[in-house]
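Take a look at the structure set out below.
On a predicted model such as this, the values are computed, not experimentally measured, just so you know. Lettering of chains follows the sequences in order, A, B, ..., and the numbering in each one begins at 1.
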Amino acid sequence: MEYITSIKEIGKFQKELGISSILSVDTETTGLDVWMDSLLLLQVKTYDETFVFDCEKLGENNISYIVSLIESSGKLVLFHNAKFDLKFLKQKTGVMIHNVYDTMLAEILIYQGVNGENKFPSLYQVVEKYCGVKLNKEVRESFYKDFKGVTQEQIIYAVEDVAYLEKVREKQLAEINRTKQEKVLELEMKLVPVVSDMELNGILLDKAVWLQLSDISKDNREKSSVDLYEKIWQDIISVSTQKTALELFDLLKVQVKTKKDKALFESITDLDTIKEYFLERFNLNSPSQIFALLTNIYGIKDLPSTNEKDLVKLVPKYPIIADIVSYRGLSKSVTSFGENYFEYINPATGRIHTTLNQLRADTGRFSSSSPNLQNIKRESEYRNAFVAEKGYKLISCDYSQQEYRLCGSITKEPAIIQAYKSGMDMHTMTASKVFHVEPYQVTKEQRNKAKGYNFGILYGANKFGLSYALGCTVDEADEIITAFFAGYPVLSKVKNMIVNLVWKNKYSSTLLGRKRFFENQTMFSDDKELQKYRRKLEKEGFNHVVQGSGADVTKLALCKIYYENPFGSDLKLVLTVHDEIICEAKEEIALQAKDFMIKCMEEVEQEFLGEIPALAEGRISSCWEH
DNA sequence: CATGAAAGCGCC
DNA sequence: AAAGGGCGCTTTCATG
């Protein structure tokens with residue numbers, strides 16, 4: 001072990017760097033915040049030596065030099081959870097490391113789908129699993145608490161953190177090869193610097209615009225609430241036979257917890273006073289109270305739930321339900337898309353830096369959290385609140401019907417292929433099949449309906465599920481499904497083949513070879529349970545093939561845009577939303593940048609589409625337009 | 001008072 | 001009897 005505190009001691013490191021083909025790297029920092037916290041140690045294991053660089057003693061310039069030596073060496077660099085270290089090193093030194101292997105991500109690929117709650121396997125876990133060694137966890141934490149200079153103990157354990165990564169990688173590669181995920185592994189590793197870059201870039205939110213939206217929603221929620229309480233109260237007094245406040249609260253499932261309250265409410269019989277307490281205690285946000293209200297006051301029988309889909313069916317008979325649904329929407333706007341977003345504006349950059357998890361979803365899709373920027377409301381007012389820096393533009397490009405094109409390519413269904421080749425799409429073709437008309441005769445309304453059929457049937461809805469989703473009868477849904485599969489005989493056949501294979505193999509595979517594994521459950525209480533489990537695997541498996549292939553395509557596109565970017569820092573990736581990629585670009589190059597993005601996206605998609613033409617569309621604006 | 005499950009709903 | 005895939009966030013409610 002070499003503990004390095006002066007740049008004069010760098011000679012041995014350079015020599016070791018030259019003769020090593022693989023490096024293992026880790027950092028110790030004062031905390032998790034890339035902008036607020038600082039680097040303490042940088043550990044680099046070469047072929048037969050481990051160097052511990054003291055970042056405080058060496059200073060930023062020297063650390064930058066060391067990191068640039070690593071990056072320019074082109075050697076493969078092993079990390080566990082590379083994104084964290086990459087972001088820190090890039091932020092502190094200006095250098096991004098690109099040729100990386102992440103033992104955490106590789107481990108997720110090996111267990112994709114069957115890792116249960118353990119979505120982020122720790123270094124401790126993989127080292128124990130593959131090397132039979134238990135690392136000391138406590139010392140790692142000592143960097144965060146009362147840090148006063150590096151201790152001998154900390155240095156020893158810092159070395160341990162990079163000691164086992166090569167062995168872990170070797171064993172993981174055997175599993176990756178066994179499951180034929182070499183291409184997916186390569187893609188995910190290439191993607192790590194891209195994702196790190198996107199998180200560091202962040203996106204700008206126009207506070208004033210957002211606040212205005214929030215205030216409007218708040219106002220409307222308040223009005224809606226007052227109005228709704230009054231209507232409900234009028235209906236209560238017209239039907240209720242309850243004598244006391246307590247009886248009413250029991251009926252409405254309003255919790256009365258203390259004995260004191262219980263006694264109080266039992267004694268209240270005056271209507272005006274009951275109303276006062278009703279306004280105070282009845283909670284419009286409580287599904288259980290709304291359920292009790294609809295059941296016990298409005299007399300609705302067999303209400304399956306109070307979710308929107310079940311409620312809207314009853315609007316014609318019970319107009320109050322429209323108000324409840326409307327209140328819910330406003331409440332959602334306020335609580336989920338309101339001032340809470342301001343907490344996520346980074347004080348150092350003034351931007352929102354979401355966390356993008358490249359392997360959190362079992363299908364291979366990205367997820368986004370803190371905040372989730374993949375579920376911003378589609379209403380243009382909300383997306384338009386995300387803006388470009390002065391002198392820049394936001395470029396949003398999305399794939400046109402990515403999953404339906406992939407579905408056509410995966411199943412080789414001639415009707416779908418023909419539709420896209422002739423400039424039509426699957427929705428129109430499905431409408432033609434289901435409504436038994438020629439494609440050119442399909443009306444807008446029919447096409448719209450067919451959209452719902454495509455989504456539902458493709459992802460495994462049966463006649464019951466489809467009738468529920470569409471709000472039609474089971475017989476009607478049955479007819480639609482029959483016409484769908486009769487119209488797409490090849491899709492029907494291939495889909496059956498795929499789901500049978502999923503059941504047999506207990507995994508599914510995307511076009512790039514990304515796997516989703518399923519538990520091999522063998523114990524079932526009865527045949528019904530077995531069939532239920534089989535249907536679940538078939539649905540999730542087929543969905544994975546399509547949705548996961550979509551994820552493959554978008555991830556390949558992100559890499560292509562990042563690695564082949566001819567505009568340097570004038571073009572930055574800022575976000576991805578499944579089939580959409582958003583960049584921020586200098587105004588002067590925005591037009592060319594959009595063309596470049598579209599070209600990258602279409603090229604990688606075309607590789608998977610065969611005869612079906614790839615298509616991506618883009619918009620340039622001072623804000624996020626979608 | 002903390003924690004976790006469940007319901008509900010925003011997006012693709 | 002039967003209820004479409006994938007997420008994350010907020011709220012309520014039960015539990016310890």
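The C1' atoms of B:dG8 and C:dA1 are separated by 25 Å, rounded to the nearest whole Å.
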Which is it for A:E199 and A:K87 under the salt bridge (Lys or Arg N to Asp or Glu O under 4.0 Å) test, yes or no, and what are the steps along the way? CA-CA 8 Å; A:E199 288 190 3; A:K87 281 171 69 180; 2.6 Å; yes
Would you please test A:K218 and A:E339 for salt bridge (Lys or Arg N to Asp or Glu O under 4.0 Å) and show each step? CA-CA 10 Å; A:K218 260 192 198 163; A:E339 289 168 40; 2.8 Å; yes
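The aromatic ring centres of A:F455 and A:Y459 sit less than 6.0 Å apart. Taking the six-membered ring for Trp and the full ring otherwise, A:Y382 and A:W624 have centroids separated by 6.0 Å or more.
Taking only side-chain nitrogens and oxygens, A:H626 never comes nearer than 4.0 Å to OP1 or OP2 of B:dC11. Applying the 4.0 Å criterion to OP1 and OP2 of B:dG10, one finds that A:R378 has every side-chain N and O outside that range. At least one side-chain nitrogen or oxygen of A:R516 sits closer than 4.0 Å to the OP1 or OP2 atom of C:dG6. Note on A:N340: a side-chain N or O is less than 4.0 Å away from OP1 or OP2 of C:dT10. Between A:S369 and C:dG8 there is no side-chain N or O to OP1 or OP2 distance below 4.0 Å. Note on A:Q531: every side-chain N or O is 4.0 Å or more away from OP1 and OP2 of C:dA2. Residue A:R365 places none of its side-chain N or O atoms closer than 4.0 Å to OP1 or OP2 of B:dC12. A close approach under 4.0 Å does occur between a side-chain nitrogen or oxygen of A:S288 and OP1 or OP2 of C:dC13. Between A:S336 and B:dC9, a side-chain N or O to OP1/OP2 separation shorter than 4.0 Å is absent.
Residue A:E403 is out of contact with every strand shown, counting any heavy-atom pair closer than 4.0 Å. Using a 4.0 Å heavy-atom criterion, one finds that A:K539 contacts the sugar-phosphate atoms exclusively. A:S467 comes within 4.0 angstrom of no nucleic acid atom, judged by non-hydrogen atoms across all strands. Contact annotation for A:G541: no contact, since no heavy-atom pair falls under 4.0 Å across all strands. Nucleic acid contact class of A:S331 (heavy atoms, under 4.0 Å, all strands): none. Here A:Q547 lies in heavy-atom contact (under 4.0 Å) with a base. Across all strands shown, A:L458 has no heavy atoms under 4.0 Å from either base or sugar-phosphate atoms. Residue contacts shown for A:Q289 are limited to sugar-phosphate atoms, with no base heavy atom under 4.0 Å away. Among the heavy atoms of the strands, none lies under 4.0 Å from A:E580. Within 4.0 Å of A:R535, counting heavy atoms only, lies no atom of the nucleic acid at all.
With both pairing distances under 3.5 Å, C:dA2 is matched to nothing as a Watson-Crick or G-U wobble pair. Checking C:dT11 for Watson-Crick or G-U wobble geometry (two distances, each under 3.5 Å) identifies B:dA6 as its partner.
As a whole-Å value, the separation of A:E379 CD from B:dG10 C1' is 11 Å. In this structure, CG of A:N454 is placed 16 Å from C1' of B:dC12, rounded to the nearest angstrom. The distance from atom CD of A:E339 to atom C1' of C:dC9 is 17 Å, rounded to the nearest whole Å. The distance between atom CG of A:N285 and atom C1' of B:dA6, rounded to the nearest whole Å, is 16 Å. If you take CH2 of A:W624 and C1' of B:dC12, they are 11 Å apart, rounded to a whole angstrom. Straight-line distance from the CD atom of A:Q112 to the P atom of C:dG6: 12 Å, rounded to whole Å. We find that CG of A:N543 is positioned 3 Å from C1' of C:dG5, with the value rounded to whole Å. One atom, NZ of A:K332, and another, C1' of B:dA7, lie 11 Å apart when rounded to the nearest Å.
Ranking C:dG4, C:dC9, B:dC12 by closeness to the A:S370 side chain, first place goes to C:dC9. Each of C:dC7, C:dT12, C:dG8 was ranked by its minimum atom distance to the side chain of A:S286; first place goes to C:dT12. Out of B:dG8, C:dA3, C:dG8, the shortest distance to the side chain of A:N372 is found at C:dG8. Proximity note for A:K377 (side chain, C-beta onward) versus B:dC11, C:dC7, B:dC9: the nearest is B:dC11. For A:N283, whose side chain is taken as the heavy atoms from C-beta onward, the closest listed nucleotide among C:dT12, B:dG8, C:dG8 is C:dT12. Among the nucleotides B:dA7, C:dA3, B:dG10, the one closest to any side-chain atom of A:P287 is B:dA7. Proximity note for A:N375 (side chain, C-beta onward) versus B:dC11, C:dC13, C:dT10: the nearest is B:dC11. Checking C:dC7, C:dA3, B:dC11 against the side-chain heavy atoms of A:R383 singles out B:dC11 as nearest.
Checked by atom type, the side-chain pair A:Q547/A:E403 shows no donor-acceptor distance below 3.5 Å. A donor atom on one side chain and an acceptor atom on the other are not found under 3.5 Å apart for A:Y111 and A:N118. Defined by atom type and a distance below 3.5 Å, a donor-acceptor pair is present between the side-chain atoms of A:T306 and A:R328.
Closest approach of A:P371 and A:I352 over heavy atoms only: CD-CG2, 3.6 Å.
Nearest-nucleotide positions on DNA chain C place A:A469 closer to the 5' end than the other of A:K253 and A:A469. Comparing A:S368 and A:K309 against DNA chain C, the residue whose closest nucleotide sits nearer the 5' end is A:K309.
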